[in-house]
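First up is the structure itself, then whatever we jot down about it.
In what follows, chains are A, B, ... by sequence order, proteins preceding strands, each numbered from 1.
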Amino acid sequence: MPKASATSSTAPLPNLRSSVQVTYWFMYDRYSPGDFEAKWRERWLKADLFRTREETGRPKFYTLDFFPYPSGAGLSVGHCRNYVPTDVLSRMKYMQGFNVLHPMGFDAFGLPAENEAIKRKSHPAPMIEKYAANYKRQMDLIGCGFDWHRSFKSSDPSYYKWTQWIFGLLYERGLAVRKLAAVNWDPVDKTVLADEEVIAGRAERSGALVEKKWIPQWYFRITEYAQELIDDLDTIDWPEGIKAMQRNWIGRSEGCQFTFRVVGTANEARIDLDTAIEHGEARPQSNGLHFDVFTTRIDTIYGVTFCVLAPEHGIIEHLPITAEDRARIKEYQDAAKSLSDTDRTAENREKTGVFTGAYAHHPFTGERIPIWLADYVLATYGTGAIMAVPGHDQRDFDFATKFRIPIEPVIIGPGGLDEIRALRAQGKAFEPKDGTLINSSHYDGLSVLEAQEKLGIRLESEGIGERKIQYKLRDWLISRQRYWGCPIPVIHTKDGEEQLVPLSQLPVELPMVDSYEPAGDGSSPLAHIDEFVNCTDLDGSLARRETDTMGGFACSSWYFLRFCDPENFEAAFDPEKIKYWMPVDCYVGGAEHAVMHLLYARFWTKVLYDAGVVPVKEPFQTLRNQGQVLAMSPYRKPREGEVLGVAEDGILVSFEEAKLMPEADLTWKWVRMSKSKGNVVTPDEAVEQYGADALRMYLLFVAPFHADVQWSNEGMQGISRFLGRIFKFAGEVQPHFAENWQDILPFEELDDLSKRIRRATHQTIRNCTKDLENFGFNTYVSWLMKFMNEITECLELAKPRIANERHLQLAMSEALETLILLVAPSAPHSADQIWEDLGKEGFTYHAHWPTHDDDLAAEDSLTIAVQVNGKLRDTITVPANTPKEQIEAEAQASVKVKIYTDGKEVKKVITVPGRLVNIVVAG
RNA sequence: GCCCGGGUGGCGAAAUGGUAGACGCAGAGGACUUAAAAUCCUUUGGUAGUAAUACCGUGAGGGUUCGAGUCCCUCCCUGGGCACCA
């Protein structure tokens, strides 16, 4: 760390009014943040600078960062790319006169902490405590102004008491229910695994083949809110990409659901329904078995040549089929059972399936349609059964091709049947969004849309089915068979009834234990702990406590509400405080939470709104996503016998392993920083070398906010140099600094240089403010740099006269003070240091954000581009208020322009005010 | 396969349909210094030219326009997300 030649803390205060000295008392010979940054952080802490204020007369501004999970690897520069911009924005908003709420807490529950605790045989709570404390230290180190009075961890009983209360609220509204679900089961460890712990169908730890096990699980019925969750996206200011992802995730589709009746055995006679109806006959009876299908393409119903049931479909065991068929089916079902969802849904996988031996009755043609089983149809989506139209659906096409099932085209496009044949030769189905129906009885010739309309009506009028809206969205599985989570506040009475634990008995606290060994039957480690499990029900009878805990997404679905009133022991929050602070004005985090967290938080807010507990339907008015910070990680080629996962082309190795391997065997890839990748760069080192302010500004400047960054420390040097120049500039202006420049600067009497200084000042205020408000952090920094370049040049020009010329002193004082305040949000330590060195009282945080004057910012001359036929040929400079006609005349008079226009007919002249003149000539 | 982003100098990038490359990094040359560091100044898209200047240039190809990095169509490459979702 370079040493400063002098520092303000040791130098005596000069007499500001009389000092015109050659050596500047607070000028460093190089930028030396180590000498003052820590001092300012202590002062901010002592002054309780960032405590949230709720003063009347100031509008509110609520800035929020995604709730971080405190990892043992520490805060990475990737996190900083989230927190620094929001800190900058919060600081500016405060200076602009807002009451700012900018809190920080920790999403402490979760799998990594529990697994680490098991490995180390120590409780996760103190471990998380330590990690969170380190995060806080690092956030303080980079100068983030969080209000730590409002901080909490989701694992604090005082917090999760209310998470449990909200669970109860959902339960009472019928939105928390228990139903059977398949979980990943490790038969060796006898434990339930998270998806993340299953690698290519095997348990990450034990290596055992993962099985499916059906156990009762708690769900939140988010599907009840599917439509609202789509509709209200229109009311919020989020990136369109994120909105689109949510819409797709919820996946509304309009279509028809209708019934296929199962028609006995292969010998049963064909019945033509169309004929039957024409003769006024009732629909023929079947054996009473039926199943429903959903389709968005009812227009293709005449192209149905088979049906497919998911292997788990409930009707299968009742099908009227032979024992032989049943044996084949059983075999296929078993095979499907052993497959993980990943395997079953793998790309380009060859279709598998088995014919059941049973047939369904086509509701319109009366034809017998063979019923197949195939695992590409999932029991969990829709009705678990489909009508297959191999002519117009690629998956059905692949299946039909493999099993030699007829493929019938029922829609043609402009290319007619030839187009379809050509595609078929390439193994492709014709999947048109629009077209004309053929082979479809009296619907032939209709367009897709017309047919959908008519066929939908027909289904309904004949009582076969209905038009229906279907969503892809599934209910939210909340149960975890894990220790380190928020306990679900339910007890099971000896009669098998569920009872909600009343508020008076909340929180249901996690017991402190030493062992988290799995229970062996798929239930949580909590099931081992008698004093937790044994309890009494509301009548005082012996009962058993629910031992599942909630997944972490529950805890992060309402923390933004708690921040509004974190110390409330009587309630989750005071509605008045929520009314004041909500919604969050600016929510910032990575795009990786586009769907899950952001959808769940919206869902809880809507439920709380419907319960009359919060006054907003949407929690986050504005959302912005910062780009990822990438770092290098080493990958090696797979060894013999090793299988790579889908879309992987190498195997991650640790940095230690990589050192021992020849470079040729390694591939270095830019990947997201994470503990598991071992490539986390913490801010500590950068702060040590360049200081917190330089790191902050570099993070803002390095790339546009939303863009990914490949991390390197190069470039921080440039920011460090820039901050040094500000100090130097301030040191040179300081002897001429006029505290009262605002009152007495005579605008009209300015000379050209003073005008130039003031113009640059006011343009910079305008540009910086606008860019900060629009998340243009990188251009905000470049405006500051440009301003610095301009006023440094002005200062050089002013040097011979500034000691004697008042207007120059005043203009330069305004420029300096403005510079400090504009820099303050991003480089607060440096700004406060210079502020103090100038003899100013207090902190820049308490100063007012500068506002600009349009008249002062206006240029008095303009550079106009002159084009001939759209090609730049000259530029001319004219006074700002030159009339259009005169600009055009001057443009045409230009010698350079005449070369291209002489002797040619001017067809028209296009003038863009303040920008350019384009002369269009013939030939 | 589907969905959402990106492709601009050696590098990070800027640019309400209006002078492409602002601002910075890195490089080159210079000043200061015994020297180095630091700092400051000059310079840097490509090609041709001593120069003025000309031509070419924003992944490729078309289109709209007086004018396209920006809008439209087709394609290529690339990052991220996903539940083969009917």
Side-chain angles (χ1 to χ4, degrees), chain A residues 2 28-31 195 239-245 247-249 251 253 255 293-297 300 308 341-342 344-349 351 374-378 380-383 385-389 392-396 398-399 470-474 590-592 594-595 625 627-628 630 670-672 698 701-704 706-710 712 714-719 721-722 724-725 728 776 778-789 792 796 863-875 896 899 907-921:
Chain A
Y28 298 91
D29 64 357
R30 93 183 47 176
Y31 177 60
D195 286 345
E240 281 307 318
I242 301 285
K243 287 190 186 180
M245 282 166 85
R247 284 194 194 99
N248 294 336
W249 188 265
S253 53
V293 299
F294 175 79
T295 179
T296 54
R297 294 303 298 268
T300 63
V308 185
D341 270 9
T342 330
R344 194 161 147 178
T345 61
E347 249 176 71
N348 306 329
R349 182 168 153 258
K351 295 280 176 289
D375 59 11
Y376 78 92
V377 172
L378 300 180
T380 45
Y381 179 74
T383 61
I386 62 163
M387 64 172 216
V389 184
H392 303 289
D393 180 280
Q394 188 63 43
R395 287 155 303 161
D396 298 344
D398 293 342
F399 192 87
Q470 177 92 20
Y471 301 93
K472 288 187 216 165
L473 185 68
R474 296 178 196 169
E592 69 273 12
V595 202
N625 302 117
Q628 299 182 354
L630 310 176
W670 287 104
V671 291
R672 213 163 92 82
Y698 177 63
F701 184 61
V702 65
H706 63 268
D708 289 352
V709 172
Q710 301 181 346
S712 86
E714 275 176 41
M716 227 156 350
Q717 187 59 49
I719 298 290
R721 202 173 287 156
F722 168 63
R725 289 178 64 201
K728 188 177 172 214
N778 56 333
T779 46
Y780 148 78
V781 175
S782 56
W783 288 124
L784 290 174
M785 290 174 164
K786 222 184 269 192
F787 183 44
M788 192 67 229
N789 293 342
T792 304
E796 284 308 307
T863 306
I864 305 288
V866 185
Q867 298 181 336
V868 179
N869 287 349
K871 278 202 163 217
L872 182 72
R873 295 301 178 190
D874 196 10
T875 57
K896 288 178 185 167
I899 297 171
K907 291 173 82 175
K908 61 176 150 176
V909 176
I910 291 151
T911 302
V912 181
R915 284 285 190 175
L916 63 67
V917 176
N918 186 16
I919 300 159
V920 183
V921 296

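Across the protein-nucleic acid pair, A:Met785 atom CE and B:C23 atom C1' stand 7 Å apart, rounded to whole Å. The CG atom of A:Asn869 sits 12 Å away from the P atom of B:C55 (whole-angstrom rounding). Taking atom CD of A:Gln470 as the reference point, atom C1' of B:A83 lies 14 Å away to the nearest angstrom. Distance, A:Ile719 CD1 to B:A26 P: 12 Å, rounded to whole Å. Whole-Å rounding puts the A:Arg915 CZ to B:C66 C1' distance at 17 Å. Protein atom CZ of A:Arg474 is 13 Å distant from nucleotide atom C1' of B:A86, rounded to whole Å. Following rounding to the nearest Å, A:Ile910 (CD1) and B:G17 (P) show an atom-to-atom distance of 17 Å. The distance between atom CG of A:Asn918 and atom C1' of B:A68, rounded to the nearest whole Å, is 13 Å.
Here the side chain of A:Asn869 pairs a donor or acceptor atom with the backbone of A:Val921 at under 3.5 angstrom. Checking side-chain atoms of A:Thr295 against main-chain N and O of A:Arg297 turns up a donor-acceptor pair under 3.5 Å. Listed for the A:Asp708 side chain is a donor-acceptor partner under 3.5 Å among the backbone atoms of A:Gln628.
Checking B:A86, B:U19, B:C40 against the side-chain heavy atoms of A:Val377 singles out B:A86 as nearest. Between B:G18, B:C55, B:A26, one nucleotide has an atom nearer to the side chain of A:Arg721 than all others, and that is B:A26. The side chain of A:Lys908 lies closest to B:C66 when the candidates are B:C66, B:C23, B:G18. Closest to the side chain of A:Thr296, from the set B:A14, B:A86, B:G67, is B:A86. Considering only side-chain atoms of A:Gln867, the nucleotide from B:C55, B:G18, B:U39 that sits closest is B:G18. If you check B:G67, B:C23, B:A86 against the side chain of A:Lys472, the one that comes closest is B:A86. Listed candidates were B:C23, B:A14, B:U39. Nearest to the side chain of A:Asn789 is B:C23.
No engagement by A:Gln628 is indicated, since no non-hydrogen atom pair under 4.0 Å with the nucleic acid exists. In this structure, A:Gly718 reaches the sugar-phosphate backbone alone: every heavy-atom distance under 4.0 Å involves primed, P, OP1 or OP2 atoms, never a base. Residue A:Lys896 is in sugar-phosphate contact alone, with no base atom involved, counting any heavy-atom pair closer than 4.0 Å across all strands shown. Within the 4.0 angstrom heavy-atom criterion, base atoms lie near A:Thr863. Using a 4.0 Å heavy-atom criterion, one finds that A:Trp249 contacts the bases of the nucleic acid, with or without backbone contacts as well.
When both pairing distances are held under 3.5 Å, B:C82 makes a Watson-Crick or G-U pair with B:G1. Figure legend. B:A22 is base-paired to no nucleotide; pairs are counted as Watson-Crick or G-U wobble with both atom distances under 3.5 Å. B:G45: Watson-Crick or G-U partner is B:C56, with both key distances under 3.5 Å. With both pairing distances under 3.5 Å, B:G67 is matched to nothing as a Watson-Crick or G-U wobble pair. Under the Watson-Crick and G-U wobble criteria, each requiring two contacts below 3.5 Å, nucleotide B:A31 is paired to B:U39.
Between A:Thr383 and A:Val293, the shortest heavy-atom contact is OG1-CA, 3.4 Å. Smallest separation of non-hydrogen atoms from A:Val308 and A:Ala388: CG2-CB, 4.4 Å.
Atom-to-atom distance recorded for A:Thr300:OG1 and A:Met387:CE is 3.5 Å, nearest 0.5 angstrom. A:Arg721 contributes atom CZ, which lies 10.0 Å from atom CE of A:Met785 (distance to the nearest 0.5 angstrom). Note that the CG atom of A:Asp398 and the CG atom of A:Asp393 stand 9.0 Å from one another [nearest 0.5 Å]. Atoms CZ and OG1, from A:Phe701 and A:Thr779 in turn, are 10.0 Å apart once rounded to the nearest 0.5 Å.
Nucleotides B:A60 and B:U70 place their P atoms 11 Å apart, quoted to the nearest Å. Nucleotides B:C4 and B:U58, compared at atom P, are 27 Å apart to the nearest Å. The C1' atoms of B:A51 and B:G57 are separated by 23 Å, rounded to the nearest whole Å. One C1' atom belongs to B:C66, the other to B:U19, and the distance between them is 16 Å to the nearest Å. The gap from the C1' atom of B:G45 to that of B:A26 amounts to 15 Å, rounded to the nearest Å. Spacing between B:G62 and B:C76 at atom C1', rounded to whole Å, works out to 15 Å. Taking atom C1' in both B:A48 and B:A52, one finds a spacing of 14 Å when rounded to whole Å. The same atom, P, is picked in B:U42 and in B:C23; the two are 12 Å apart, to the nearest Å.
Its glycosidic angle being within 90° of 0, B:G9 falls on the syn side.
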Could you write nucleotides 3-13 of chain B as a row of B, S and -, 5' to 3', where a protein heavy atom under 4.0 Å of any base atom gives B, of only sugar-phosphate atoms gives S, and otherwise -? SS-------BS

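Side-chain contact between A:Leu784 and A:Phe722 is present, with at least one heavy-atom pair separated by less than 4.5 Å.
A sub-4.0 Å separation between OP1 or OP2 of B:C2 and a side-chain N or O of A:Arg247 is absent.
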